[in-house]
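Here the structure is laid out as structure tokens; the discussion comes afterwards.
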Amino acid sequence: QFVGTAQTLTSPLVLGLSGTAGAKVKVEVLDETGKVKNFYVTLAAGNQNYAFDLTGLGKIGVINFVVDQKNGGAAGVVNVKTSGLLYIVS
């Protein structure tokens with residue numbers, strides 16, 4: 001459950017992602033009501049901008065980046081570039 005102050009983000013949300021080439025990352029975007037949109041990205045070594053369509057979501061509460069061993073490998077790196085988003089380590 002989301003706790004905090006949700007934010008209105010423009011759609012599409014553009015994030016710069018890079019990391020271990022070929023690793024797959026799931027990007028979960030949750031709004032303040034708990035509605036979720038999932039996106040899947042295959043990373044490249046160099047930074048690439050990805051546009052995520054937030055249509056149908058309200059104010060955004062959380063953006064999670066999920067990497068599991070099956071899709072992302074046993075070890076690796078994920079780099080995220082944002083503008084204007086608060087980062088909280090979990």
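Just the heavy atoms: all of them, side chains too, but no hydrogens, waters or symmetry mates, feed the values below.
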What pair of heavy atoms forms the shortest contact from S18 to A45, and how long is it? CB-O, 3.6 Å

For K37 and D53, indicate whether the former's side chain and the latter's backbone hold a donor-acceptor pair under 3.5 Å. yes

Test item: V41 and F65 side chains (from C-beta on) under 4.5 Å apart, heavy atoms: no

Quick one: CG on L43 to NZ on K24, what's the gap to the nearest 0.5 Å? 10.5 Å

Approximate separation, where rounding is to 0.5 Å, of Q7 CD and E32 CD: 10.0 Å

Between CG on residue N47 and CG on residue L17, distance to nearest 0.5 Å: 7.5 Å

Identified side-chain contact (heavy atoms from CB on, under 4.5 Å) counterpart of L54 within the set D31, T10, L13: L13

Look at the side chain of K26 and the backbone N and O of N38, then say whether any donor-acceptor pair between them is shorter than 3.5 Å. no

Correct closest heavy-atom pair for K35 and G56 would be NZ-O, 3.1 Å

Report the distance from atom OG1 of T8 to atom CG of L57, rounding to the nearest 0.5 Å. 11.5 Å

Flag yes if V36 and V62 sit in one hydrophobic cluster, no otherwise; membership is Ile, Leu, Val, Met, Phe, Trp, Tyr, and two members link when side-chain heavy atoms are under 4.5 Å apart. yes

Here the pair of heavy atoms bringing S11 nearest to T55 is OG-N, 3.8 Å

